[in-house]
Amino acid sequence: MIKTSFYKQLTILAVSFVLSSTIVITALAQATVLPYKNKSLPIEQRIKDLLKRMTLEEKILQTNQWTYGKNANENNIEASKKAVRPEIGSLIYRSISPVYRNDIMRKAINESRLGIPILMGFDVIHGYRTVYPIPLAQACSFNTELVTQACAVAAKESRLSGVDWTFSPMIDVARDARWGRVSEGYGEDTYTNSMFSVASVKGYQGKSLSDPYSIAACLKHYIGYSLSEGGRDYRYADVSAQTLWETFMPPYEAGVKAGAATLMSGFNDISGIPASANPYTLTDILKKRWKHDGFVVSDWGSVINLIPQGFAKDNKEATLKSFMAGVEMDMVDNVYVENLEQLVKENKIPIAKIDEAVRRILRIKFRLGLFDKPYVEELSEKDRYYQPESMAIAARLAEESMVLLKNKQHALPVSKDVKNIALIGPLAKNKVDLMGSWEGQGIADVVETIYEGFEKEYKGKANILYAKGCDFDGINEADFEAALAVAQQSDVVVLCMGEMKKWSGENASRSTIALPAIQERLVSYLKKSGKPIVLLLSSGRPVELGKLDTLSDAILEIWQPGIAGGSSVAGLVSGRLNPSGKLAITFPLTTGQIPTYYNMRQSARPKLGGYQDISSEPKYWFGHGLSYTTFSYDSVKISSKTIKKNQKLTAQINITNTGNMDGKETVMWFISDPVASITRPMKELKFFEKKTLKVGEKMTFKFEIDPMRDLSFPDANGNRVLESGDFYISINNQKIKFELVD
Ligand code: NOJ
């Protein structure tokens with residue numbers, strides 16, 4: 001008895017000794033953890049502590065971005081690693097290897113005095129390895145939820161490959177299809193760009209930047225880049241203050257409000273002040289008015305480009321102007337690193353300004369959790385890419401982004417009884433061009449061709465007969481005859497043609513948006529077969545269709561649909577799927593009609609002033625897109641004919657699927673303000689919604705009008721002006737008047 005209690009007491013004593021010493025050790029350890037390394041402290045406190053410890057040189061290195069990992073392999077990686085300063089702020093990470101990423105990160109953490117992690121960026125524009133349709137195509141899906149999902153997959157694949165930051169989304173409203181970068185954005189409309197700006201930021205950044213698979217987004221190219229004169233890249237952009245606020249700023253404001261961590265400043269001028277050295281847009285608006293607390297990275301070389309632009313005489317002046325205007329990180333120029341210290345010494349740049357820039361960069365690193373978890377999992381490629389759910393999103397997004405432009409006598413879907421299908425054209429067995437420009441780390445080998453999609457779709461049902469017919473360009477007609485023979489043996493001719501991927505994207509503008517003549521010649525030739533002609537058009541921009549339009553019975557714009565486009569195309573042609581894309585950009589009739597966009601302002605003489613040689617109407621308007629089913633729209637009902645400025649108005653409409661196939665309809669609600677104190681666009685999209693309607697199903701679509709949001713316009717300073725008077729809601733072919741009163 002006595003013995004037991006003695007041992008019990010001894011045990012209690014031992015346990016309490018161990019416990020108390022553990023508490024003491026933990027407390028001691030905590031006291032020795034530097035505040036900036038202490039996870040439990042608020043981020044701002046950690047930044048403050050870290051900044052206090054940094055030398056001027058270490059601070060300046062945070063503003064520097066260089067590239068790393070291109071063609072990296074075990075033989076050359078050590079040499080590349082040696083060249084990187086461990087204190088560097090950021091790298092454009094071009095390898096897909098998490099091992100190399102961890103390796104270079106280890107250098108930063110272990111070999112720099114303060115162990116600040118490097119931020120790894122990359123152009124993840126429409127997918128990382130699993131390549132999705134180009135952004136212009138994504139916009140035509142009008143499915144923001146699906147785009148969010150696609151961006152989330154891209155984020156996960158990126159993070160698992162060592163990338164923490166994407167230079168995306170591009171939200172430059174683009175109305176000149178000659179400009180190659182029209183493929184990278186969400187089309188001609190401001191509201192559509194704003195919605196996809198938010199959708200992609202949500203997808204990349206998730207609920208929080210600190211989530212394990214979130215990456216930081218970068219809104220680009222702030223701002224006005226798409227106005228590059230004549231569609232030529234990198235040129236002067238003249239934009240009035242009114243247009244800047246009305247057309248270009250809203251997608252950026254929406255993205256900033258959605259929490260976008262960073263922005264990229266453009267190459268272009270904005271009416272004489274380059275976008276990468278513009279204190280008004282970069283500081284007054286972005287940082288002061290919108291309170292953005294992340295940072296701005298320059299575009300590739302856009303700081304030194306101030307010299308050819310005639311805005312700075314040398315690197316030092318370029319540094320001074322960009323940095324002072326509000327560009328915190330210098331992409332690959334190295335001029336910040338070379339000049340900032342001297343500029344501080346000369347009192348041209350206050351140290352507080354350096355601190356503020358570094359604070360912003362560190363903030364994003366802290367938010368991403370890089371200080372607490374700098375290394376990434378080292379999974380195999382098989383575990384990182386092409387997961388079944390990612391592939392399913394790729395296929396669905398491809399399907400929903402394709403737009404049925406024309407369907408004469410229901411040429412599509414192809415009849416179930418066909419026995420032989422001619423698949424002709426330079427794109428039928430092509431993989432590379434289906435990816436589109438900026439394909440991230442996509443690999444052409446993995447892309448499903450249209451031919452493969454058709455083989456799968458029609459297995460055991462119909463024969464797919466192939467002929468190339470012609471190249472994308474050139475004058476070689478040698479294969480025309482073989483193509484005609486294939487057409488003659490078939491029930492229908494499906495032509496796969498359009499643009500090569502290198503014809504759009506950066507520095508890839510075209511003087512004409514027409515396709516090379518050889519393609520039209522092939523279609524004319526095949527017309528001799530007398531078979532129905534279905535054109536599958538793949539392009540990175542709207543194209544001038546010319547005779548291709550009249551020669552084809554049906555045209556499906558498939559854009560550059562990415563890795564899983566083949567089966568989506570085949571499914572749409574066979575009728576297993578129903579097209580639901582609508583144009584997010586107008587197809588001009590000819591190149592000379594550029595710019596043509598749906599929300600132009602009214603002409604002073606509406607019936608006059610077009611061209612003498614062609615119609616003023618474009619070929620296909622923004623919002624155009626056919627379905628295999630029909631939707632009937634009831635009359636719109638509005639909750640009131642008159643509302644006050646602080647009231648809301650609800651418009652609603654019942655829509656029924658009256659055809660014989662389930663389908664998705666995107667309803668677009670436009671507002672027009674016919675008379676105001678400044679002229680207004682003829683109409684502006686204010687809301688869209690896409691829903692699936694089964695055969696015979698009726699659904700109600702609603703739009704709640706908030707006067708300040710939907711009826712006001714910005715003035716030249718960006719302040720919203722709300723004027724009473726008459727307004728119109730338009731949807732489909734209906735136009736309903738209501739009045740806003742004081
Ligand atoms: C230049 C492009 O304009 C920009 O969009 C891209 O993010 C950078 N290069 C980095 O590759």
Side-chain angles (χ1 to χ4, degrees), residues 64-71 89-96 119-128 134-136 151 154-155 158 162-174 179-186 193 197 200-201 204 215-228 231-237 248 251-252 255 260-270 274-277 294-306 308-309 322 327-335 436-442 501-502 504-509 540:
N64 183 217
Q65 181 179 65
W66 192 242
T67 70
Y68 188 72
K70 192 172 181 207
N71 306 324
S90 174
L91 289 169
I92 300 185
Y93 188 63
R94 292 168 138 180
S95 162
I96 60 154
L119 179 61
M120 310 284 181
F122 189 65
D123 285 286
V124 185
I125 308 298
H126 47 110
Y128 184 77
I134 53 168
L136 180 59
C151 291
S158 305
V163 171
D164 321 298
W165 175 28
T166 172
F167 305 132
S168 162
M170 186 189 103
I171 45 172
D172 298 323
V173 175
W179 190 50
R181 307 199 77 169
V182 83
S183 65
E184 290 177 53
Y186 301 106
N193 271 277
S197 169
S200 52
V201 169
Y204 291 134
I215 56 175
C218 182
L219 309 176
K220 71 185 190 186
H221 307 82
Y222 192 61
I223 188 166
Y225 182 25
S226 53
L227 281 175
S228 218
R232 294 180 286 259
D233 216 349
Y234 315 128
R235 290 301 178 112
Y236 180 76
F248 294 99
Y252 284 93
T262 69
L263 286 87
M264 184 184 293
S265 60
F267 290 118
N268 58 292
D269 257 25
I270 307 170
S276 285
F295 69 91
V296 176
V297 61
S298 74
D299 202 341
W300 185 287
S302 70
V303 177
I304 52 169
N305 289 348
L306 298 182
Q309 279 172 304
S322 281
V327 175
E328 283 90 11
M329 188 179 279
D330 165 21
M331 184 185 283
V332 308
D333 280 342
N334 277 337
V335 288
S437 71
W438 291 111
E439 69 272 40
Q441 297 285 10
K501 95 181 173 78
K502 64 180 184 197
S504 58
E506 186 181 349
N507 197 19
S509 297

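All ligand and atom numbering here is 1-based and tracks the order in the structure.
- Side-chain N/O atoms of Trp165 and Thr262 include a donor and acceptor closer than 3.5 Å.
- The two atoms that bring Ser226 and Phe248 nearest to each other are OG-CE2, 3.4 Å, heavy atoms only.
- Heavy atoms of Arg181 found under 4.0 angstrom from ligand 1 belong exclusively to the side chain.
- Close approach of ligand 1 to Lys220 is summarised as follows: ligand atoms under 4.0 Å from at least one heavy atom of the residue are 4 (C), 5 (O), 6 (C), 7 (O).
- Side-chain N/O atoms of Tyr222 and Asp299 include no donor and acceptor closer than 3.5 Å.
- Atoms of ligand 1 found under 4.0 Å from any heavy atom of Phe267, numbered from 1 in the order shown, are 3 (O).
- Heavy atoms of Met264 come nearer than 4.0 angstrom to ligand 1 in at least one pair.
- Residues Gly266 and Ser276 approach most closely at O-OG, 2.8 Å, considering heavy atoms.
- The contact set between ligand 1 and Asp299, taken as ligand atoms under 4.0 Å from a residue heavy atom, comprises 1 (C), 2 (C), 3 (O), 4 (C), 6 (C), 8 (C), 9 (N).
- At a cut-off of 3.5 Å, with distance as the only test, a side-chain donor of Asn64 or Asn334 sits close to an acceptor on the other residue.
- Of all the atoms in ligand 1, the ones that sit under 4.0 Å from a non-hydrogen atom of Trp300 are 1 (C), 9 (N).
- Ring geometry, Trp179 versus Tyr225: the interplanar angle exceeds 60°, so the pair is classed perpendicular (tilted spans 30 to 60°).
- Checked by distance only, ligand 1 and Tyr225 stay at 3.5 Å or farther apart across all their nitrogen or oxygen atoms.
- Residue Asp123 has at least one nitrogen or oxygen atom sitting less than 3.5 Å from a nitrogen or oxygen atom of ligand 1, judged on distance alone.
- Distances from ligand 1 to the non-hydrogen atoms of Met170 include no value under 4.0 Å.
- Taking the six-membered ring where tryptophan is involved, the planes of Tyr234 and Phe267 are perpendicular, since the angle between them exceeds 60° and thus also 30°.
- Counting atoms of ligand 1 from 1 in the listed order, those under 4.0 Å from a heavy atom of Phe167 are 7 (O).
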